[in-house]
J.: 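Handing you this structure, nothing more for now.
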Protein chains: 2
Amino acid sequence: MSNSSPSLPPVDVSLTPQERFEEYLQTRGLRQTNQRKFLVDEIFSHHEHFDADELMERLPRKGAKNYVSSATVYRTLREFVDAGLLKSFQLEGRTVYEHDYGYPQHDHLYCTVCRELFEFQSEALTTLRDEVAAEQGFRISGHRMIIHGVCRECSKNRRKKRKQDLV
Amino acid sequence: MSNSSPSLPPVDVSLTPQERFEEYLQTRGLRQTNQRKFLVDEIFSHHEHFDADELMERLPRKGAKNYVSSATVYRTLREFVDAGLLKSFQLEGRTVYEHDYGYPQHDHLYCTVCRELFEFQSEALTTLRDEVAAEQGFRISGHRMIIHGVCRECSKNRRKKRKQDLV
DNA sequence: CTGACTGCAAATCCTTTGCAACTTG
DNA sequence: CAAGTTGCAAAGGATTTGCAGTCAG
């Protein structure tokens, strides 16, 4: 269900996410705290896409060591996006986050049955995007492409279910 | 600011949106009400992209003739999407709606300065999408592509502002 | 008539914010 | 120490829902 290893090959970066974030904090006169350190570690030890809620579910509960309040989780996720560590986008009302730092540009396929996000890379898509933008005099800052549908696995399962229903 | 005429040529359809929705209601044993009639008319008399709030702002106020409560507006927008009259997608946290029935498939450029949505059509994008999906064994139901950036107009204005700032 | 629909208000969901206490540099 | 941070609880915004009265078929 979850794919904790990256689908795409990593991009070479000179700093670890931790170091990179530290740099970001220092250049802005912000502080390195236990909560922030813990969250960088936690987030970069998994690779799945996640939303704030899913993240908090795997964090220590209130009272336990390393507990981080939800306000801080939300605040910190925004900092990670500012710092270029994470990217975020909206999907079905929730904000989904994914690794950006050290991870290549890509787009998504979204299975509306199992609700899993799959990644793909397409240089042709980027080229096409640039052409369209040029035509319209647009200065591009980025794009978001999501293909909706049903993944291979879910197509199989559905077929199975149908057969069973007939018995 | 608003473009009340379509950017793209309409697609031929045999029924008006009103008729099409009536058909939808009948096949499901649902009812034709004044609120629903009024909303179809209102929505298909303009062409801009809109969210629930923007729509309600141009509807009659409470107490006036043809007032529709916000609960009904939300309920009806969902029906329009079900009925294939409208499409919806998420942009910066809000749900944006646009005409679907009688309007060709297209994608968007979003200007992050003036927050306007521009449309474009690209057959190459659809082809590319189908190829990617085929590779991954995906059964496509649709896609959403948005290019973010700054539109021609806003680029101009910004340049002007910069010059003024220097005076 | 009967079930669908509407408006109202309350409830939800997700996220942000004000504030007092607590850290970090 | 001063300023940035945190947790808490309360506030927000957008959307949904329960319910009793209303209306269409």
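In what follows, every chain begins at residue 1, and chains take the letters A, B, ... in the order their sequences are listed.
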J.: Once salt bridge (Lys or Arg N to Asp or Glu O under 4.0 Å) is applied, do any residues pair with E19(A), and if so which ones, sequence neighbours excluded?
T.: none
J.: Report each atom pair, protein N/O against N/O of nucleotides 8-18 of chain D, whose distance is under 3.5 angstrom.
T.:
{"from": "dC8(D)", "atom 1": "OP2", "to": "Y67(A)", "atom 2": "OH", "distance (Å)": "3.2"}
{"from": "dT15(D)", "atom 1": "OP1", "to": "T95(B)", "atom 2": "N", "distance (Å)": "3.3"}
{"from": "dT15(D)", "atom 1": "OP1", "to": "T95(B)", "atom 2": "OG1", "distance (Å)": "3.1"}
{"from": "dT15(D)", "atom 1": "OP2", "to": "Y74(B)", "atom 2": "OH", "distance (Å)": "2.7"}

J.: What is the separation between atom CE on M56(A) and atom C1' on dC13(C), rounded to the nearest whole Å?
T.: 11 Å
J.: Is there a residue in residues 81-91 of chain A whose heavy atoms reach under 4.0 Å of DNA chain D, and which residues are they?
T.: none
J.: What is the separation between atom NZ on K37(A) and atom C1' on dG25(C), rounded to the nearest whole Å?
T.: 12 Å
J.: So, applying side-chain hydrogen bond (donor to acceptor under 3.5 Å, both in side chains) with H108(B), which one of H148(B), H49(B), E116(B) is it?
T.: H49(B)
J.: Just checking R94(B): does its CZ atom have more than 12 heavy atoms from other residues, nucleotides or ligands closer to it than 6.0 angstrom?
T.: yes
J.: Minimum heavy-atom separation for P17(B) to F44(B), with atom names?
T.: CG-CD2, 3.5 Å
J.: Expressed as a whole number of angstroms, how long is the span from Q26(A):CD to dT24(C):P?
T.: 15 Å
J.: How many angstroms lie between atom CZ of F120(B) and atom CD of E131(A), to the nearest 0.5 angstrom?
T.: 11.0 Å
J.: Evaluate the side-chain hydrogen bond (donor to acceptor under 3.5 Å, both in side chains) criterion for residues Y103(B) and E98(B): first the C-alpha distance (whole Å), next the side-chain angles of each, then the deciding distance (0.1 Å), finally the verdict.
T.: CA-CA 9 Å; Y103(B) 202 71; E98(B) 64 176 5; over 6 Å; no
J.: Identify whether L91(B) and M145(B) are in the same connected component of the hydrophobic contact network (ILVMFWY, side-chain heavy atoms under 4.5 Å).
T.: no
J.: What residues join V150(A) in its hydrophobic cluster, counting side-chain heavy atom gaps under 4.5 Å, either direct or through other members?
T.: V113(A)
J.: Find the distance F38(A):CZ to dT6(D):P and express it as a whole number of Å.
T.: 14 Å
J.: Could you give me the CA-CA distance, side-chain angles and deciding distance for V96(B) and Q90(B), then say whether side chain to side chain contact (heavy atoms under 4.5 Å, CB included) is met?
T.: CA-CA 6 Å; V96(B) 178; Q90(B) 305 279 133; over 6 Å; no
J.: For N66(B) and dT6(C), what is the distance between atoms CG and P respectively, to the nearest whole Å?
T.: 13 Å
J.: Give me, pair by pair, the N or O atoms of the protein and of nucleotides 1-5 of chain D that are less than 3.5 Å apart, along with how far apart they are.
T.:
{"from": "dA3(D)", "atom 1": "N3", "to": "R31(A)", "atom 2": "NH1", "distance (Å)": "2.7"}
{"from": "dA3(D)", "atom 1": "N3", "to": "R31(A)", "atom 2": "NH2", "distance (Å)": "3.1"}
{"from": "dG4(D)", "atom 1": "O4'", "to": "R31(A)", "atom 2": "NH1", "distance (Å)": "3.3"}
{"from": "dT5(D)", "atom 1": "OP1", "to": "R31(A)", "atom 2": "N", "distance (Å)": "2.8"}
{"from": "dT5(D)", "atom 1": "OP1", "to": "R36(A)", "atom 2": "NH2", "distance (Å)": "2.2"}
{"from": "dT5(D)", "atom 1": "O5'", "to": "R36(A)", "atom 2": "NH2", "distance (Å)": "2.5"}

J.: When the side chains of residues 76-85 of chain A are checked against the rest of the protein, which donor-acceptor pairs come out under 3.5 Å, sequence neighbours left out?
T.:
{"from": "T76(A)", "atom 1": "OG1", "to": "T72(A)", "atom 2": "O", "distance (Å)": "2.6"}
{"from": "E79(A)", "atom 1": "OE1", "to": "R36(A)", "atom 2": "NH1", "distance (Å)": "3.0"}
{"from": "E79(A)", "atom 1": "OE2", "to": "R36(A)", "atom 2": "NH1", "distance (Å)": "2.6"}

J.: Starting from C1' on dC14(C), measure out to CD on E92(A) and report it in whole angstrom.
T.: 15 Å
J.: Under 6.0 Å from the six-membered ring centre of F50(B) and within 45° of its axis: does the NZ or CZ of R58(B) meet both?
T.: yes
